Amino acid sequence: MLRGRSLSVTSLGGLPRWEARLPVEDLLLFEVAWEVTNKVGGIYTVIQTKARTTADEWGDNYFLLGPYFEHNMKTQVEQCEPVNDAVRRAVDAMNKHGCRVYFGRWLIEGSPYVVLFDIGYSAWNLDTWKGDLWEACNVGIPHHDQEANEMLIFGSLTAWFLKEVTDHADGKNVIVQFHEWQAGTGLILSRARKLPIATVFTTHATLLGRYLCAANIDFYNHLDKFNIDKEAGERQIYHRYCMERASVHCAHVFTTVSEITAIEAEHMLKRKPDVITPNGLNVKKFSAVHEFQNLHAMYKARIQDFVRGHFYGHLDFDLEKTLFLFIAGRYEFSNKGADIFLESLSRLNFLLRMHKSDVTVVVFFIMPAKTNNFNVETLKGQAVRKQLWDTAHSVKEKFGKKLYDALLRGEIPDMNNILDRDDLTVMKRAIFSTQRRSLPPVTTHNMIDDSTDPILSTIRRIGLFNSRTDRVKVILHPEFLSSTSPLLPMDYEEFVRGCHLGVFPSYYEPWGYTPAECTVMGIPSVTTNLSGFGCFMQEHVADPTAYGIYIVDRRFRSLDDSCNQLTQFLYGFCKQSRRQRIIQRNRTERLSDLLDWRYLGRYYQHARHLTLSRAFPDKFHTETTSPPMTEGFKYPRPSSVPPSPSGSQVSSPQSSDVEDENEEERYDEEEEAERDRLNIKSPLSLNHVPRGKKKLHGEYKN
């Protein structure tokens, strides 16, 4: 295997001095992943959001390879004929030899070309391909592992397709990036057959790492002590682990998404990653500078409507002094940090009650689990709220008509007579309808495994039952959010924008798209130094807390200390005034430039330079692919008050409508924003900007 100098790129000091452009017109770029047009997890988000930036750079020479599923094809892909001659010949050749290969444009931003393989239609050749894999790397796949068998078919079809492409490439060099072990067999077979391609393998999380963390093992403190083969064998994934490890060692360049995952990969897969390729998003700026603040207010009002119904009969707290927190993602109780979050909520509840705070915290757990249907009591709550709304409106209209008639007659109406006995009766009945004997439910659905569910079991243990005395209320929503839901009719983005804080204290999070999504929407979040996102922000922001990024230390502290730290973060957030939260959201939103693919895509470009120099050293010399000379930088600690809103001067939580008069003139947002802009060039500065034309903050539209 060709090996070269290690390249680790983790700073963003503007454009690097290394700016050599790849000759894309003489190259073909393929990305291979099981999640192309097929949403399973986070890799789908990576590929989908990166597609536009890559397609803009590579044009018709960029292709995505993935599995064919009829429903996805009908709803996401527009079939068309390949423009590239080599790709067209490859598709035709495979279709003539008993395969079904589909070609089209994926209907997402950038409209990239996709090549989709029908896995089931080619299963007839599975035994032959098992033999090919055994000859290539001595890895056998059990008959009962259907997923691994499907990945072998997918990889074999990929290698076959790449062979056909390189046979008709007409001198163009081919770069292929494989994502995760599911695509890895294509890499192994391509290298075993000595195809003239440059290969990159990207792991977004190691296979064994996920299994070990799910087993509540002290993973990061024992990385160098694990017997890897033994651990994989005990979990009956040894063959999958071998497929992943073989892929890593066969690739010209090995990349991963974060420094923390690079450390993990070096121990688990026995190769140090050559390049760190952080994950990004398509950042959309609004024409109006503070439009995201208006969206927050609008969607917060919709969440407040849901809370009014859910807590009917117990709505003895002020919604204007209520903070909405949430955690979302796969239902991995320990990996996603739901365990430490619940324990911290119990301690936060104690602190708020002890200080007799008038701040209430409503926490949503958006984590899909097995359910029977909606909880009847939850549905009833929304019905009662709607009935009260209709009653209030009917009385208001009747009152308004009487008032209008009296004013027309030139009279001041008698307020004692403007509402008759029937109106009072209707209002009394409405009040009686809000009475309930039970506490507001902690879950919106009927859970199938209620007695053993980890979240519900922990809620029972810590006693957060949404009682009147609790300042922290908990709502488990065990289903993905949807705008068509009869309970909470909001999609995920709308819900996030309406909340005040996202909390993701993950123990195992190779990158962490959920806090990243919060950041680009201007919503503060809690993350950890065991997540790729947390490490990235620690490196690039001098005072992450001031910018609304709270980083819990779960690597070097005990579990109890980490829990106390999270509790203090949450308590400090509750102490902020409304104005402090607005300032913090402005700062958070400004960090979105760091997460734009128009910046982070350059790391993929570095990886492609490096793999070309290793695969084709005669054509692409090492000098042209030297590591980029970036100068590390950090967003500075804001000098204006409040430097860190959590460091409020008062010892107990303030009301959301209380502001510190002394800090009124000490916060200059324009000055802060201008200083931040100097630290990172505007995304569009990569393109030509007419001399004398100054781009303003918030000017860009996607």
Side-chain angles (χ1 to χ4, degrees), residues 1 3 6 8 41-43 137-142 145 147-148 151 178-185 187-188 201-251 254-277 330 332-340 454 505-512 528-535 552-562:
M1 178 169 35
R3 301 300 296 272
S6 174
S8 179
I43 300 172
C137 59
N138 291 340
V139 175
I141 299 178
D145 191 343
E147 183 180 4
M151 301 313 155
F178 298 85
H179 292 269
E180 285 291 304
W181 73 274
Q182 291 97 329
T185 50
L187 192 160
I188 297 168
F201 183 80
T202 300
T203 184
H204 299 258
T206 69
L207 187 66
L208 187 56
R210 282 197 183 278
Y211 275 85
L212 290 172
C213 286
N216 293 321
I217 289 175
D218 188 5
F219 181 65
Y220 291 99
N221 288 326
H222 294 86
L223 270 176
D224 56 345
K225 301 179 179 65
F226 288 118
N227 183 331
I228 304 298
D229 293 334
K230 175 176 176 291
E231 297 289 350
E234 287 180 350
R235 287 159 179 80
Q236 298 183 7
I237 57 165
Y238 186 69
H239 55 288
R240 295 189 185 191
Y241 165 73
C242 290
M243 292 162 67
E244 181 182 38
R245 184 166 168 178
S247 303
V248 167
H249 287 271
C250 283
F254 173 40
T255 77
T256 190
V257 297
S258 63
E259 291 285 0
I260 193 69
T261 313
I263 296 170
E264 172 191 344
E266 187 173 3
H267 287 90
M268 295 287 108
L269 301 173
K270 308 305 180 184
R271 179 177 176 181
K272 183 178 181 179
D274 302 293
V275 184
I276 304 299
T277 53
R330 286 189 300 270
E332 297 177 4
F333 185 66
S334 298
N335 280 1
K336 295 300 181 184
D339 52 353
I340 187 176
S506 305
Y507 183 75
Y508 186 79
E509 193 71 80
W511 175 246
T528 73
N529 60 353
L530 289 181
S531 77
F533 173 82
C535 295
V552 177
D553 184 358
R554 296 204 63 181
R555 188 174 182 189
F556 303 110
R557 293 193 182 197
S558 68
L559 186 62
D560 189 61
D561 286 345
S562 298

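Since the structure is predicted, the reported quantities are computational estimates derived from the model, not experimental observations.
Across all non-hydrogen atoms, the minimal contact from F533 to G512 is CB-O, 3.8 Å. Nearest heavy atoms, G184 versus F201: CA-CE1, 4.1 Å. Closest non-hydrogen pair, W511 versus S258, comes out as CE3-CB, 4.4 Å. What you find for S334 and Y507 is that their closest heavy atoms are O-CB, 3.8 Å. F254 and R271 make their closest contact through CE2-O, 3.4 Å (heavy atoms, listed as atom of the first residue, atom of the second, distance). Residues A183 and F178 share a closest heavy-atom pair of O-CD2, 3.3 Å.
Identified under the salt bridge (charged side-chain N to carboxylate O under 4.0 Å, His left out) test for residues 207-229, with sequence neighbours left out: none. Within the structure, every pair that satisfies the salt bridge (charged side-chain N to carboxylate O under 4.0 Å, His left out) test and touches residues 234-248, not counting sequence neighbours, is listed here: D145-R240, E147-R240, K230-E234, E231-R235.
Note: Q182 CD to H179 NE2 = 11.5 Å, rounded to the nearest 0.5 Å. To the nearest 0.5 Å, atom OH of residue Y241 and atom CH2 of residue W181 are 14.5 Å apart. Between atom OH of residue Y211 and atom OG1 of residue T206 there is a gap of 11.5 Å, rounded to the nearest 0.5 Å.
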| message | Walk me through whether N529 and F556 qualify under side-chain contact (heavy atoms from CB on, under 4.5 Å). | response | CA-CA 9 Å; N529 60 353; F556 303 110; 4.1 Å; yes
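In this structure, the side-chain contact (heavy atoms from CB on, under 4.5 Å) partners of T256, at least two apart in sequence or on a different chain, are T203, T261, A262, P273, I276. E332 meets the salt bridge (Lys or Arg N to Asp or Glu O under 4.0 Å) test with R330; sequence neighbours excluded. Applying the side-chain contact (heavy atoms from CB on, under 4.5 Å) test to I263 and every residue at least two apart in sequence or in another chain returns L223, H267, R555. For S562, the side-chain contact (heavy atoms from CB on, under 4.5 Å) criterion is met by I340, V552, R554, R557, not counting sequence neighbours.
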